[in-house]
Undergrad: 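Shown below is the structure under consideration.
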Amino acid sequence: MASGLKYFVGNWKMFGIPTSFKILNRINSNFVKNKINKENYKVIIAPPFTLLHDYSKRFKNKKILISAQNCFHKDNFGPHTGNISPYMIKKLGIKFVIIGHSESRASGENDNIIKEKVYLALKNNLNIIFCIGENIKDKRRKKTLIVLRKQLTKVLKRNYNFKKIIIAYEPVWSIGSGKIPTANSLIHITAFLKKFVKKQFKLSHLPKILYGGSVDKKNIASFKSISDLDGFLIGGASKSSKNFIDIIKNFYK
Ligand code: PGA
């Protein structure tokens with residue numbers, strides 16, 4: 001059963017215009033209205049860069065937290081057309097950034113770039129939602145755990161503040177496909193990630209692990225039994241307030 005603090009993170013990807021804040025208004029009011037004490041959860045939404053400034057102001061003292069979807073791997077200001085540094089994100093008052101999403105990896109981000117991003121985001125005191133996940137080939141070859149281990153060790157370091165790092169396990173084959181892992185494999189992978197990260201990076205606590213990939217209001221119930229999971233990274237279903245609210249409702253039903 002659901003216990004402990006859970007995160008429901010919405011990743012809007014390339015979606016949203018200024019008036020889409022209405023979606024967040026509805027999610028925020030529902031969050032405030034329906035929050036029952038025993039349901040301990042946080043809602044974080046990651047709109048595109050174009051909306052970050054406006055939304056960070058609108059939702060400043062609200063329950064909903066705003067996250068950036070990515071950041072550049074160089075900090076402060078510089079000659080990097082079209083890019084946004086972790087410093088610039090921090091200066092908006094934003095506290096979260098997604099790093100290492102498979103869609104960003106697919107457009108050229110490698111482990112070295114991701115490593116720089118994580119380092120600079122932490123330097124700017126941002127909380128990181130760090131995405132890892134195997135592709136379908138890795139899965140078929142039974143290389144999932146090897147891939148995850150490599151994605152973690154190439155990027156993270158022992159001296160990092162892991163209280164500011166949330167790991168999102170997102171199998172690439174599951175993103176936007178409607179396919180989700182079996183409960184058994186997710187139980188196994190979540191337990192592996194918790195144990196591995198704690199040991200490898202010498203943590204005194206277990207790391208937070210989210211699951212992402214085709215989470216929707218229908219299948220959310222099937223994740224309830226995976227008590228180790230600390231929440232969800234939700235793409236497609238986070239663009240509609242109704243779908244997103246139903247996910248949370250159905251999770252706690
Ligand atoms: P999806 O995306 O929920 O649309 O599969 C998840 C993600 O990419 O974070």
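Remember, it's 1-based here, ligands and their atoms both numbered in the order they're listed. No experiment lies behind these values; they were computed from the predicted model shown.
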Undergrad: Is K13 paired with E103 through a side-chain N to carboxylate O contact shorter than 4.0 Å?
TA: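 Salt bridge between E103 and K13, a charged N being under 4.0 Å from a carboxylate O: yes.
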Undergrad: Do the rings of F251 and F232 sit parallel, tilted or perpendicular, given the 30° and 60° boundaries?
TA: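 Perpendicular.
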Undergrad: Under 3.5 Å between some N or O of ligand 1 and some N or O of G176?
TA: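 Yes, there is a polar N/O contact under 3.5 Å.
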Undergrad: How far is atom 4 (O) of ligand 1 from its nearest protein heavy atom, and which residue and atom is that?
TA: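 Sorting protein heavy atoms by distance from atom 4 (O) of ligand 1 puts G236 N, 2.8 Å first.
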Undergrad: Kindly give the heavy-atom pair with the smallest separation between F8 and F244, and that separation in Å.
TA: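 Reported closest heavy-atom pair: O-CZ, 3.7 Å.
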Undergrad: Heavy-atom distances under 4.0 Å are what count here, so tell me which part of N11 touches ligand 1: side chain, backbone, both or neither.
TA: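 Side chain only.
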Undergrad: Spell out, as yes or no, whether a donor-acceptor pair under 3.5 Å connects the side chain of S56 to the backbone of L52.
TA: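 Yes, S56 side chain to L52 backbone: donor-acceptor pair under 3.5 Å.
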Undergrad: Is the backbone of I132 close enough, under 3.5 Å, to the side chain of Y169 for a donor and an acceptor to pair up by distance?
TA: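 Not confirmed, Y169 side chain does not pair with I132 backbone.
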Undergrad: Test your reading of the structure: does S177 have an N or O sitting under 3.5 Å from an N or O of ligand 1?
TA: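 In this structure, S177 places no N or O atom under 3.5 Å from an N or O of ligand 1.
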Undergrad: Under a 3.5 Å distance rule, please check whether K123 uses its side chain to pair with a backbone N or O of P86 as donor and acceptor.
TA: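 Absent.
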Undergrad: To the nearest 0.1 Å, how far is atom 3 (O) of ligand 1 from its closest protein heavy atom, and which atom is that?
TA: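 Heavy-atom neighbour on the protein nearest atom 3 (O) of ligand 1: G235 N, 2.8 Å.
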Undergrad: Report yes if E170 has an N/O atom closer than 3.5 Å to an N/O atom of ligand 1; otherwise report no.
TA: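 The answer is yes, given that E170 and ligand 1 share an N or O pair closer than 3.5 Å.
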Undergrad: If you measure every N or O of L233 against every N or O of ligand 1, does any of those distances drop under 3.5 Å?
TA: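 By distance alone, the answer is no.
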Undergrad: If you measure every N/O of G213 against every N/O of ligand 1, is any gap under 3.5 Å?
TA: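 Such a contact does not occur with ligand 1.
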Undergrad: Just verifying a value: how many Å separate H205 NE2 and K163 NZ, rounded to the nearest 0.5 Å?
TA: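 Here the interatomic distance stands at 4.5 Å.
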Undergrad: Using a strict cut-off of 4.0 Å, indicate which atoms of ligand 1 neighbour a heavy atom of H101.
TA: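 Counting atoms of ligand 1 from 1, those under 4.0 Å from H101 are 7 (C), 8 (O), 9 (O).
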Undergrad: Check contact between A237 and ligand 1, using heavy atoms of the residue and a distance below 4.0 angstrom.
TA: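 No.
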Undergrad: Students should be able to answer this: which protein heavy-atom is nearest to atom 2 (O) of ligand 1, and at what distance?
TA: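 Among all protein heavy atoms, the one nearest atom 2 (O) of ligand 1 is K13 NZ, 3.2 Å.
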Undergrad: Would you check, one step at a time, whether the test side chain to side chain contact (heavy atoms under 4.5 Å, CB included) holds for F49 with N83?
TA: CA-CA 10 Å; F49 282 132; N83 291 300; over 6 Å; no
